[in-house]
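Notes to accompany the following structure.
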Amino acid sequence: MVDLLLGQVIRFRDMPMTDSANGMEHLTHGAIVVKDGHIAAVGPAEDVKRDWPQAVVHDYGNKLISAGFVDAHVHFPQTAIIASWGKRLIDWLNSYTFPEEIRLADPAYAEAIAESYMDLALAHGTTTMCSFCTIHPASVDAFFTAAQKRGLRAMGGKTCMDRNAPDGLRDTVQSAYDDSRALLRKWHGQDRLSYVITPRFSPTSTPEQLRVLGDLWSEHPDCLMQTHLSEQTDEIDWVKSLFPQARDYLDTYEAFGLLGENGIYGHAIHLEPREIDRLSELNAGIAHCPTSNTFIGSGLFDMAGMAGRTRVGLATDTGGGSSFSMLRTMAAAYEVGQLRGTPLHPAFLWWLATQGSARTLKIDDRVGNISPGMEADLVVIDLHSTPAIRQRMARAESFDEALFATIMMGDDRAISDLWISGKQRR
């Protein structure tokens, strides 16, 4: 069957960092043809309808059709503890995260949390995510099984920790390698799934564990590797005390083979000049998590300084982040930019949540944009979804203003429909 979707369409030719004219294309009356799970055509509605007269038409009127949102850094095991009060990073881990993650040793509980997370992510328009799991292989199985059942492009891996974590949440040097390798062989490349090698962060892995994970990455260089970097200043001090020989935080990864273009480094707020230069030189990926950075008091990421130097995507950081919504995450990124004196353009915010995150995850040739040949993961946005947004839209004088109103005030009510791998979900 061939489907033809009608509505406003947003897509990208390049990164529109300063204005919408530089990189964004907006079709007021657009059409997208979906065939065999992929986008077959996109363009002005009248032209596409004429060329595809046999297609089944789905007319969304004035609603906006976009690539589905791509969340570059999440912790699905933290779904149930999202929005827990009043802790900074290390206390957050000890008070909320670690006790909850221990519970995922139970495969039934891991399955329930994975199901809950996937449904919440989809309800907010997220069609691709890259997640940390727990040390338990069952948590990885639960995550990928839930994603596979929904036909999602999803990425994730077993979180490895052999120190500075409670009983029941530590593995070993050998089990980190063996479990990760077995899970990689089981899931990587299955349907739309990709395995990601996952040391949590330097403080919870011994040098020996970091080294074997670096070895595993060198054996499977096509895989991504994800971890955390320079999220809070007291975390950085902790890293310095644990790795006194390291030049800086990034060096604790580089020394063990865990720095490269296929690396995704969460947060990266308090970077030294050498770290910035190395990340830029390698074109490594950074996941910007603005709701998390403000919620647990981490700091203000320098988007203006980093986006032009290396790959940067947007992420909710569930559950240190306080929302499942990429719309709310875009709004928080704007607010962080304002606090730094560098407000981000609405088109750039939307790019970050779609093409930017896909680019960071090295899958921008498959998802995150609307172009012939790409996988048909689409979200339909109601730009008049609430009374507050509707009254603002009455005064909007441009598409940029209209988009910005939904970025700043939108939530799951703005998600009108979803297409996953060419199949309508709602």
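Along the sequence shown, residues carry numbers from 1.
Rounding to the nearest 0.5 angstrom, the gap separating the CE atom in Met17 from the NE2 atom in His345 is 12.5 Å. Here the CG atom belonging to Leu229 is positioned 5.5 Å from the CD atom belonging to Glu275, to the nearest 0.5 angstrom. Of the inter-residue distances, the one linking Glu111 atom CD with Glu115 atom CD reads 6.0 Å to the nearest 0.5 angstrom. Expressed to the nearest 0.5 Å, how far CE of Met155 lies from CG of Leu361 amounts to 5.0 Å.
A side chain to side chain donor-acceptor pair (under 3.5 Å) check over residues 364-373, counting only residues at least two apart or in different chains, returns nothing. Sorted by first and then second residue, the ring-ring contact (aromatic ring centres under 6.0 Å, His included) pairs with a member in residues 260-288 read His73-His267, His228-His267, His288-Phe301; sequence neighbours excluded.
Side-chain contact between Val239 and Pro203 is present, with heavy atoms from C-beta onward closer than 4.5 Å. Taking the side chain as every heavy atom from C-beta outward, Met330 and Leu314 approach each other to under 4.5 Å. Residues Val70 and Met129 form no side-chain contact, since every pair of their non-hydrogen atoms from C-beta on lies 4.5 Å or further apart. Between Leu259 and Leu279 there is a side-chain heavy-atom pair separated by less than 4.5 Å.
Side-chain atoms of Gln232 come within 3.5 Å of backbone atoms of Ile296 as a donor-acceptor pair (strictly under, hydrogens ignored). Distance alone, capped at 3.5 Å, is enough to place a donor-acceptor pair between the Arg340 side chain and the Leu300 backbone. Side chain of Thr318 to main chain of Thr79: no donor-acceptor pair is present (N/O by atom type, distance under 3.5 Å, no hydrogens or angles). A donor-acceptor pair under 3.5 Å is absent between the side-chain atoms of Ser95 and the main chain of Trp92, judged by distance alone. Side-chain N or O atoms of Arg153 include none that pairs as donor or acceptor with a backbone N or O of Leu193 at under 3.5 Å. Side chain of Thr354 to backbone of Trp350: a donor-acceptor contact under 3.5 angstrom is found. Under a 3.5 Å cut-off, the side chain of His220 and the backbone N or O of Leu216 do not form any donor-acceptor pair. The backbone N or O of Pro199 lies less than 3.5 Å from a partner atom in the side chain of Thr227, making a donor-acceptor pair. Under the 3.5 Å distance criterion, the side-chain polar atoms of Asn293 are left unmatched by any main-chain donor or acceptor of Ser298. A donor-acceptor pair is defined here as one N or O able to donate and one able to accept, closer than 3.5 Å; such a pair exists between the side chain of Thr159 and the backbone of Cys133.
Ring pair Trp419/His58 is perpendicular by interplanar angle, where above 60° counts as perpendicular and below 30° as parallel. Taking the six-membered ring where the residue is Trp, Phe348 and Trp351 present parallel rings, their angle staying beneath 30° rather than reaching 60°.
Salt-bridge formation is not detected for the pair Lys63/Asp417: no Lys NZ or Arg NE/NH1/NH2 atom is positioned less than 4.0 Å from an Asp or Glu carboxylate oxygen. Between Asp119 and Arg425, at least one side-chain nitrogen of the basic residue sits less than 4.0 Å from a carboxylate oxygen of the acidic one, meeting the salt-bridge criterion. Under 4.0 Å is where a charged nitrogen must lie from a carboxylate oxygen, and between Lys35 and Asp3 no such pair does. Salt bridge annotation for Arg328-Asp411: absent, with no cationic side-chain nitrogen under 4.0 angstrom from a carboxylate oxygen. Using a cutoff of 4.0 Å between basic side-chain nitrogens and carboxylate oxygens, Arg163 and Glu208 are not scored as salt-bridged. Between Arg395 and Glu401 there is no salt bridge, since none of the side-chain N atoms of the basic residue sits less than 4.0 Å from a carboxylate O of the acidic one. The pair Asp248-Arg274 meets the salt-bridge criterion, with a side-chain N (NZ, NE, NH1 or NH2) lying under 4.0 Å from an Asp/Glu carboxylate O.
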**Full working for ring pair (Phe, Tyr, Trp, His ring centres under 6.0 Å) between Tyr334 and Phe404** = CA-CA 10 Å; Tyr334 173 79; Phe404 191 58; 4.9 Å; yes
**Item:** Audit row: Glu235, Tyr249, side-chain hydrogen bond (donor to acceptor under 3.5 Å, both in side chains) steps and yes/no
**Value:** CA-CA 10 Å; Glu235 168 206 7; Tyr249 197 152; 2.5 Å; yes
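Side chain to side chain, Ser175 and Thr172 meet the donor-acceptor criterion of an N or O pair below 3.5 Å. Side chains of Asp171 and Gln209: a donor-acceptor N/O pair is present below 3.5 angstrom, by distance only.
Considering all non-hydrogen atoms of both residues, Lys158 and Ser180 come closest at CD-OG, 4.1 Å. Here the closest heavy-atom approach between residue His75 and residue Arg200 is recorded as ND1-NH2, 4.1 Å. A pairwise comparison of heavy atoms in Asp162 and Ser205 identifies OD1-CA, 3.2 Å as the closest pair. The two atoms that bring Ile102 and Pro166 nearest to each other are CD1-CG, 4.0 Å, heavy atoms only. Nearest heavy atom pair, residue Thr126 against residue Asp71, reads CG2-CB, 4.0 Å. Between Ser323 and Ser325 the shortest heavy-atom distance is OG-N, 3.0 Å.
Taking the six-membered ring wherever Trp is involved, the centroid distance between the rings of Trp187 and Phe144 falls below 6.0 Å.
Evaluation of the side chain to side chain donor-acceptor pair (under 3.5 Å) rule for Arg278 yields Glu254, Glu281 as partners, not counting sequence neighbours.
More than 12 heavy-atom neighbours from other residues, nucleotides or ligands sit within 6.0 angstrom of NZ on Lys362.
Seen from the ring of Tyr109, Arg103 counts as a face-on cation partner, given the 6.0 Å and 45° thresholds.
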